[in-house]
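Numbers here are sequence positions counted from 1.
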Amino acid sequence: MYLCYVDESGNLDCQINDRCKDDEVKPPLFVLSALCVWDHHWPKFSGFIDQRKEALKQKIFRTRGVQLGLSDCELKSSWIRIRKLRRKNPFLSNLSDEDLTGLVNLCYQQIEYAKMTLFAVIIDKRKLLEHFDSDKLHRKAWELLLERVENFMRERHDRHKVIFMVLRGLPYFNAHFSNFAKKKIIFRRPKGRSSILDISFGMEKPVI
């Protein structure tokens, strides 16, 4: 069984010429990605990361007197990248720059160690046709992602199935979950033929 953990970056607002509320320029890129791994490789991936978190958690307790559980040690890219968000996190705010860099590097090393496969659909909203709105953009991103995973599985692992693990907060997936769950997401192939990918979906994503 192949597990694909799906997440997205950027926003679905196609009106990129408008300014954000803080008067910043809206990001032109939207990214939908899937990080895929064999189900029996997942413990190999997460085990070393959990061990490092446990060691850092104990170090924080010894040096800062702050007691944390493993659930307090979740990592999100926005928390790591944005200092203001990092300061609000009880785990990350108590890590030194060296410890934080080491933990992030370990995550990347484990991706290679567990032989994970990364799929990413990167859409430049500046190139979209005028009729595209948020719904069409998100659907197109999902179609392209599913097509890439389908081709990969057909060529490399044609006897295995895929489970997509999707974060509950993804709005388009929540709105169209019934179609996904019924395996009725249809996309157009280059020669005009339709294809329905035989997949399964889960509504949770494991904490890293």
Side-chain angles (χ1 to χ4, degrees), residues 1-18 20 25-39 41-42 45 76-78 81 107-108 110-112 114-206 208:
M1 183 69 69
Y2 223 66
L3 305 177
C4 288
Y5 301 101
V6 181
D7 203 355
E8 59 187 43
S9 177
N11 62 64
L12 294 166
D13 189 352
C14 298
Q15 304 301 321
I16 60 173
N17 292 327
D18 297 337
C20 299
V25 177
K26 292 182 179 179
L29 299 181
F30 175 77
V31 181
L32 183 68
S33 60
L35 190 61
C36 304
V37 62
W38 289 112
D39 55 351
H41 283 179
W42 176 257
F45 169 78
K76 290 186 177 181
S77 63
S78 58
R81 292 182 289 103
C107 291
Y108 284 116
Q110 288 304 104
I111 291 175
E112 182 177 2
K115 301 186 184 304
M116 291 182 160
T117 303
L118 175 64
F119 300 90
V121 174
I122 303 172
I123 297 178
D124 188 340
K125 293 182 288 185
R126 294 169 296 188
K127 307 296 184 180
L128 292 176
L129 298 177
E130 292 183 0
H131 71 276
F132 265 83
D133 55 20
S134 297
D135 186 75
K136 289 184 176 66
L137 169 60
H138 215 173
R139 184 178 180 85
K140 176 56 66 176
W142 268 101
E143 289 174 351
L144 293 172
L145 183 69
L146 294 179
E147 182 177 22
R148 280 154 175 74
V149 175
E150 181 195 36
N151 291 336
F152 172 78
M153 295 300 294
R154 181 183 292 121
E155 293 174 5
R156 306 283 186 87
H157 310 290
D158 60 341
R159 296 184 180 181
H160 297 274
K161 292 186 177 182
V162 181
I163 295 180
F164 280 77
M165 307 301 291
V166 183
L167 191 63
R168 288 182 181 274
L170 298 186
Y172 179 84
F173 186 88
N174 290 346
H176 298 271
F177 176 72
S178 60
N179 285 337
F180 280 97
K182 294 176 182 176
K183 305 175 184 178
K184 290 184 179 178
I185 291 301
I186 302 175
F187 53 84
R188 289 290 169 186
R189 305 186 63 78
K191 295 182 180 180
R193 293 175 296 149
S194 296
S195 175
I196 300 180
L197 178 59
D198 183 17
I199 54 178
S200 300
F201 285 92
M203 287 295 287
E204 294 289 353
K205 186 173 70 172
I208 298 176

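- Put simply, the side chain of Glu150 does not reach to within 4.5 Å of the side chain of Met153, judged on heavy atoms.
- When all heavy atoms of Ala114 and Val37 are compared, the pair lying nearest together is O-CG2, 4.1 Å.
- In this structure, CD1 on Ile122 lies 9.0 Å from OG on Ser33, to the nearest 0.5 angstrom.
- No salt bridge links Lys127 with Asp124; every basic N to acidic carboxylate O contact stays at or beyond 4.0 Å.
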CA sep, side-chain torsions, deciding dist, call: Ile123, Leu29, side chain to side chain contact (heavy atoms under 4.5 Å, CB included): CA-CA 6 Å; Ile123 297 178; Leu29 299 181; over 6 Å; no
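- In this structure the side chain of Cys36 reaches within 4.5 angstrom of the side chain of Phe119, judged on heavy atoms.
- Scanning both residues, Met1 and Lys161, for their nearest heavy atoms gives SD-O, 3.5 Å.
- Looking at heavy atoms from C-beta onward, Leu144 lies in side-chain contact with Glu147 at the 4.5 angstrom threshold.
- The shortest side-chain heavy-atom distance between Phe164 and Leu3 does not fall under the 4.5 Å cut-off.
- One distance of note links CD1 of Ile111 with CE of Met116; it measures 6.5 Å at 0.5 Å rounding.
- Taking CG of Leu118 as the reference point, atom OH of Tyr5 lies at 14.5 Å (rounded to 0.5 Å).
- Aromatic rings from Phe45 and Trp38 are positioned such that their centres are separated by 6.0 Å or more.
- Proximity of Leu32 to Val6: side-chain heavy atoms (C-beta onward) are separated by under 4.5 Å at one or more points.
- Here the closest heavy-atom approach between residue Cys14 and residue Lys125 is recorded as CA-CD, 4.4 Å.
- Across every non-hydrogen atom of Ala141 and Val121, the tightest pair is O-CG2, 3.9 Å.
- Taking both residues in full, the closest heavy atoms of His131 and Lys136 are given as O-CD, 3.5 Å, listed atom of the first, atom of the second, then distance.
- The line from CG of Asp133 to CG of Leu12 is 10.0 Å long, rounded to the nearest 0.5 Å.
- Taking the ring centroids of Tyr2 and Phe152, they lie under the 6.0 Å cut-off.
- In this structure, Phe30 and Asn11 approach most closely via the heavy-atom pair CD1-O, 3.6 Å.
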